[in-house]
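Accompanying notes for the structure given below.
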Amino acid sequence: MSDTPVITQMRVIPVAGHDSMLLNIGGAHNCYFTRVLVVLTDSLGHTGVGESPGSTTVLNYLQAAIPQVEGQELKRLNSLVTALYTAKTRDAFSEVSDTIHVPQVNPEKHYNAVAAIEAAMLDLLGQFLDLPVAELLGPGKQRDQVPVLGYLFYIADRTKTDMDYLPGSRGGHDWYHLRHQAAMDIDSVVRLAEAAQDLYGFKDFKLKGGVHRGEYEIETVKALAHRFPQARITVDPNACWSLEEAIALGNQIKHLVPYIEDPCGAEHGFSGRETLAEFRRATNIPVATNMIANDWRQLRHALEMNAIDIPLADPHFWTMKNAVAVAQLCDEWGLTMGCHSNNHFDVSLAMITHLGAAAPGERVTPFDTHWLWQDGQRLTREPFKIVDGNIRLPDKPGLGIELDMEQVEKSHQLYQRIPNKDRNDAVGMQYLIKDWRFNGKRPTLLR
Ligand SMILES: O=C(O)[C@H](O)[C@@H](O)[C@H](O)[C@@H](O)C(=O)O
Ligand SMILES: [Mg+2]
């Protein structure tokens, strides 16, 4: 067997960036979000990179994994990732830093860490073989353009806090200003969508719900659909509606939406998979999820119960290779493939683009990305761009990105300075509603 390069160094770099005061079922986004970069160097001098959601658990896990990764040959990618992925390895690291929000929507955090290592190894392997990562996944590259949707949020008034939210500035494109201003009502959200569409050419939108009472969010969806009659609009209340409410609300917009994301969840002794199955039966509206089918066992139960149509296989939850396996399964079994996101930097943007490029078949729904909220805060020299609602895969080996170490260092310094390293959206929310506490069954503003 011939040799492949050896990983000579693994660096784990926590980084932070700025965010707007976006509302969701967990509260209000902090003015900062955190991520973790995995930077691998190989014996040919190449650099491979991966990105993971930031939390001290992920950080600790990645740091502890360094001895297992350094010294490995690239050709051992699969067995190394499998070893890191096992429950045994996971159990060695206790979950010390869950926030109120995270258990609702994120799977076990060690998967996020393993996914970042896998992405960095794929990046190196692609450079060694002179192939884009998409060619190394499942069926290989299927397309050059990956459609993404315009991910809209209600935005709280940052001036009601003393947190360091950026004020935005006039003079550039409206989007770069508007994304920092309060947008609590229907008109403001439509205005946001217009600006985002003008800049990025989105053809589709998703509204983050679970914030206002359900009726108001449905009115927002209707207004968006009215303003963008060609667009596919959807809403994601993160399972905060009851089954009964979800059916009533869903029926009002079933002619307008291609699918609804996590309309309801566990209640009255029934699991989220059971209530989603009932929702589908009652409304005939396809269901997407990033809450109840985030690993193979959950996915099996979800499919056995006919609870979902669209698994949103986030490569950070699944790893890139497993997310493409989900895409293959969707293609073979008549399901639709989609992708969930959290706030992220441009390394993750490249990861989802390669995933989308390798997903087979026509039933691939435009991917989620929070990038529009972060655009301008780059860690790579040339972040991928969203043009006409698509991200074009560059004709380059590996992930096709190059870290800008000066930017990485700045972002790392920011991480060191900020007080909250773990996501906790209750902090910002408590400025708006005194003593606000998370309740997964009540819209954020109803207390
Ligand atoms: O507030 C957010 O950024 C979102 O609610 C995410 O946390 C969430 O995971 C979302 O993207 C989703 O689709 O559920
Ligand atoms: Mg979701």
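Counting convention: from 1, in listed order, for ligands and their atoms alike. From a predicted model like this one, the values you see are computed outputs, not experimental measurements. Here, residue 1 is the first one in the sequence, and each next residue gets the next number.
- With ligand atoms numbered from 1 in the order given, ligand 1 contributes 2 (C), 3 (O), 11 (O) to contacts under 4.0 Å with heavy atoms of His370.
- A side-chain donor-acceptor contact under 3.5 Å links Asp422 and Thr56.
- A donor atom on one side chain and an acceptor atom on the other are found under 3.5 Å apart for Gln181 and Arg158.
- Considering backbone and side-chain N/O atoms, Asp425 never comes within less than 3.5 Å of an N/O atom of ligand 1.
- The Mg ion (ligand 2) sits nearest to atom OD2 when only the N, O or S atoms of Asp236 are considered.
- Side-chain polar atoms of Gln374 and Asp19 form a donor-acceptor pair below 3.5 angstrom.
- Contact annotation: Asn290 places an N, O or S atom under 2.8 Å from the Mg ion (ligand 2).
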Considering only distance and modelled atom types, tabulate donor-acceptor pairs under 3.5 Å from the side chains of residues 440-447, sequence neighbours left out.
from, atom 1, to, atom 2, distance (Å)
Lys441, NZ, Ala239, O, 3.1
Lys441, NZ, Ala266, O, 3.3
Arg442, NE, Leu446, O, 3.0
Thr444, OG1, Asn24, O, 2.7
Thr444, OG1, Gly210, O, 2.8
Arg447, NE, Arg437, O, 3.1
Arg447, NH1, Pro443, O, 3.0
Arg447, NH2, Arg437, O, 2.9

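- Below 4.0 Å from some heavy atom of Tyr151 lie the following atoms of ligand 1, by number and element: 4 (C), 10 (C), 11 (O), 12 (C), 13 (O).
- Each of the following atoms of ligand 1 lies closer than 4.0 Å to a heavy atom of Phe153: 1 (O), 2 (C), 3 (O).
- Ligand 1 does not have Met291 within reach: every non-hydrogen atom of the residue lies 4.0 Å or more from it.
- For ligand 1, the atoms closer than 4.0 angstrom to any heavy atom of Asn24 are 1 (O), 5 (O).
- When His29, His344, His340 are ranked by how near their heavy atoms come to atom 2 (C) of ligand 1, first place goes to His29.
- The shortest distance between side-chain heavy atoms of Ile247 and Phe279 falls below 4.5 Å.
- Considering just the N/O/S atoms of Glu261, the one nearest the Mg ion (ligand 2) carries the name OE2.
- At a heavy-atom distance under 4.0 Å, only side-chain atoms of Asn238, from C-beta outward, approach ligand 1.
- Within the 4.5 Å cutoff, the side chain of Thr369 has heavy atoms near those of the His344 side chain.
- Interface of Asp236 with ligand 1, defined as ligand atoms under 4.0 Å from a residue heavy atom, comprises 12 (C), 13 (O), 14 (O).
- Using a 4.0 Å cutoff on heavy atoms, Asn342 counts as a contact of ligand 1.
- A pairwise comparison of heavy atoms in Asp204 and Ala231 identifies OD1-C, 4.2 Å as the closest pair.
- Counting heavy atoms under 4.0 Å from ligand 1, residue Leu22 does not touch it at all.
- For Lys208 and Tyr151, the positive end is not near the middle of the six-membered ring at less than 6.0 Å and at most 45° from its axis.
- Under the 4.5 Å side-chain criterion, counting only non-hydrogen atoms from C-beta, Leu432 is in contact with Met21.
- Counting atoms of ligand 1 from 1 in the listed order, those under 4.0 Å from a heavy atom of Glu261 are 12 (C), 13 (O).
- With ligand atoms numbered from 1 in the order given, ligand 1 contributes 10 (C), 11 (O) to contacts under 4.0 Å with heavy atoms of Ser341.
- When ring centroids are compared, Tyr165 and His29 stay outside the 6.0 Å threshold.
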